[in-house]
Amino acid sequence: MRRVLPLAATLALFALLVAGTGGVAAADAAVAETAADCQTAADNDLVGCWNGTYHAEELGFDQSDGLTEAELETLTHRSMARVERLRERPFETGVPVETVTREEFRANGTGGNGTNATGDAEFRRWNDQVWKALFVVGEDESSAEAIDTVFGGSVSGFYSPADDRIVLVVAEGEELQVSESTLIHELTHAMQDQYHDLAAPRFVGATQDADLAVDGIVEGEAVYVEERYADRCETNWSCLAPPDSSGSGGGSAADYNLGILQTVLQPYSDGPFYVEALIDEGGWSAVNETMNDPPNATAAVIHREPGYETREIEFEDAAEGGWETYADQGVNGSETAGEASMFVMFWYQSWEYDHPVLEPTRDVSANVRVHTATDEQLDTRSAYNYADPATTGWVDDELYPYRNDAGDAERDGYVWVTEWRTPTDAAEFHATYRTMLKEHGADRLDDGVRDIPTGDFRGAYGVERDGTRVTIVHAPDPPDVFELRPGIDLEEPASGTGDDGTTADDGALDDGALDDGALDDGMTNDGTEPSNGATDPDDSGASDDVASDDGSSDDDADGTSADADPGDGGSTDDGVPGLGVVAAVVALLSATALLRRRSRR
């Protein structure tokens with residue numbers, strides 16, 4: 001699939017599928033009950049059988065000394081039979097599986113990541129402002145380079161709808177070893193493509209948030225099937241041991257911007273639980289129906305609300321003094337960050353900069369654990385939380401990067417309009433955002449502008465809250481704030497009243513610090529409980545699978561999962577890519593070497 005998650009983006013796909021596609025086939029398909037039912041390619045119409053290979057069959061080989069081409073083909077056939085058994089429907093055609101070395105992948109962009117991430121100069125400049133607005137990529141950094149690093153070093157495989165093939169990224173100069181778990185994941189994408197056409201427009205979101213939301217169902221189903229595969233490996237299936245990760249060359253944690261990575265991971269973390277909720281409600285038919293009409297906001301996936309209601313923002317450009325939007329980028333010049341990206345924005349300040357933002361009264365480690373320590377865990381990897389009172393209640397946002405090339409130097413800025421379900425939700429976000437500015441050293445000037453004199457996010461910020469709307473303006477210098485948004489009201493609002501009458505009094509908010517006495521925790525929405533990070537498909541619509549930075553893939557069915565180890569401070573200089581990434585189809589990657597693996601068994 002194709003998309004560069006710029007905080008806005010590009011990827012997704014849209015089209016209406018014939019109602020019932022997939023569901024009918026699953027209901028009518030006969031099942032291979034024993035190996036005797038599965039003898040030749042003539043039996044391929046049976047669920048659990050492909051080219052004479054039965055789903056529960058034991059292979060007469062392992063991969064300790066590498067796989068031959070014939071063995072890889074046999075493994076592929078068994079994996080196809082297993083996906084059929086788990087997904088309860090047959091493949092329509094075979095799926096070619098090819099391999100490339102990581103060096104080849106990086107050199108020619110087999111997955112298509114580099115092309116989208118590096119784009120033209122205008123797009124890069126626009127996308128840089130998106131990631132800077134998310135406080136993930138700093139003033140002196142390139143979001144394109146950050147995104148490129150993530151995908152070039154961490155992708156372990158992808159499915160290309162354009163070519164109807166799977167490509168696995170393997171180590172250079174070593175015996176061929178593959179992750180059967182990764183193969184299961186990518187074969188699930190191949191099956192999705194055969195039944196739902198992953199190249200259809202509905203699978204490419206117009207914005208970053210929409211892209212991630214679409215991936216919530218696409219990747220969520222693939223991870224869900226992969227997890228069921230892991231369960232069977234622990235009970236009654238014989239499964240290949242995962243590859244030796246010693247030489248796979250994924251890269252170290254220091255190579256990555258973790259803010260980008262955790263944004264891209266959101267569909268892989270929340271998506272499987274979203275799919276599970278659909279199955280519990282209506283079986284695989286509910287999943288098929290959702291594939292025909294994917295969610296359009298990460299809030300729907302985070303809170304498991306297929307019918308999540310959003311609210312469209314009406315924005316008028318009033319900028320003066322030579323400031324202009326990028327009419328040819330994003331949606332009329334704007335990007336939509338969405339709830340998942342906003343949550344990562346606040347959380348990342350604790351991880352990368354030692355700033356306790358989500359919970360200002362607690363230490364950095366506690367702030368890191370808001371994201372990494374959850375009640376829900378997947379079998380083979382970590383599940384992360386993307387829900388918090390600071391970002392719950394989101395209903396829309398539009399982020400407009402601006403440029404001003406008048407004068408001797410180029411100047412950049414943005415206007416970010418956010419809309420919330422209730423005034424209390426807006427007050428929560430407003431207070432947390434001001435806490436973030438304060439932690440980065442912002443001083444409040446006489447005119448209400450908050451100025452950060454130095455650092456990665458230096459510059460002037462104007463923050464206005466009016467009922468359910470919070471507007472953020474950023475520019476290099478304080479006067480520019482009023483040129484970008486003439487008439488912005490930077491006076492502190494007296495109060496914000498929630499739907500139930502509960503009041504958030506800004507008099508009790510000291511530069512963004514929440515006063516528990518002013519904001520009733522009971523005001524938050526149901527989604528504030530832990531739920532469980534931009535993806536980048538290529539122009540051809542490739543679905544990427546990402547490996548951990550130690551070279552292993554978290555898709556391995558080894559019963560382990562990654563969990564954060566904040567250490568004594570919770571923060572680290574290590575990071576992973578930034579938000580302008582992609583939102584396509586990647587198989588859940590493990591966080592990083594920074595995230596310690598923990599067995600669930």
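Index from 1, following the sequence.
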Notebook entry, point to check: Residues two or more places apart in sequence or in another chain: which of them pass salt bridge (charged side-chain N to carboxylate O under 4.0 Å, His left out) with D451?
Noted result: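 Result, salt bridge (charged side-chain N to carboxylate O under 4.0 Å, His left out) vs D451: none returned.
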
Which residues pass the side chain to side chain donor-acceptor pair (under 3.5 Å) test with [X], sequence neighbours left out?
{"X": "D443", "result": "none"}
{"X": "R403", "result": "E122"}
{"X": "T468", "result": "E419"}
{"X": "Y274", "result": "none"}

Margin query: Measuring only between side-chain heavy atoms, which start at C-beta, is E339 closer than 4.5 Å to Q266?
Written below: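 In short, these two side chains do not touch, never coming nearer than 4.5 Å.
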
Notebook entry, point to check: Is there side-chain contact between I488 and L490, with at least one heavy-atom pair below 4.5 Å?
Noted result: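 Side-chain contact under 4.5 Å: yes.
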
Checklist line | Distance flag, aromatic centroids of W420 and F429, threshold under 6.0 Å | finding: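 Ring centres of W420 and F429 closer than 6.0 Å.
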
Note to self: Under 6.0 Å between ring centres: does that hold for Y414 and Y400?
What the structure shows: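 Ring-ring flag for Y414/Y400: false, centres at least 6.0 Å apart.
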
Next item on the list: Take the angle between the ring planes of F123 and W126 and call it parallel below 30°, perpendicular above 60°, tilted in between.
Entry: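 Geometry flag for W126 against F123: tilted rings.
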
For [Y], does its backbone N or O pair with a side-chain atom of [X] as donor and acceptor, under 3.5 Å?
{"X": "D477", "Y": "D480", "answer": "no"}
{"X": "W347", "Y": "V368", "answer": "yes"}
{"X": "Q349", "Y": "M345", "answer": "yes"}
{"X": "R469", "Y": "D466", "answer": "no"}
{"X": "T298", "Y": "A213", "answer": "no"}
{"X": "N367", "Y": "P360", "answer": "no"}

Margin query: With a 6.0 Å cut-off (strictly less than), is the heavy-atom count around CG of N332, excluding the residue itself, greater than 12?
Written below: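 Check fails, neighbour count at 12 or below.
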
Item checked: F135: ring pair (Phe, Tyr, Trp, His ring centres under 6.0 Å) partners, not counting sequence neighbours ->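 Partners of F135 under the ring pair (Phe, Tyr, Trp, His ring centres under 6.0 Å) test: H440, F457, Y461.
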
Checklist line | Distance (rounded to the nearest 0.5 Å) between E145 CD and D128 CG | finding: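 Output value for this atom pair is 9.0 Å.
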
Checklist line | Distance (rounded to the nearest 0.5 Å) between W394 CH2 and I302 CD1 | finding: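 So the CH2 of W394 and the CD1 of I302 are separated by 9.5 Å.
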
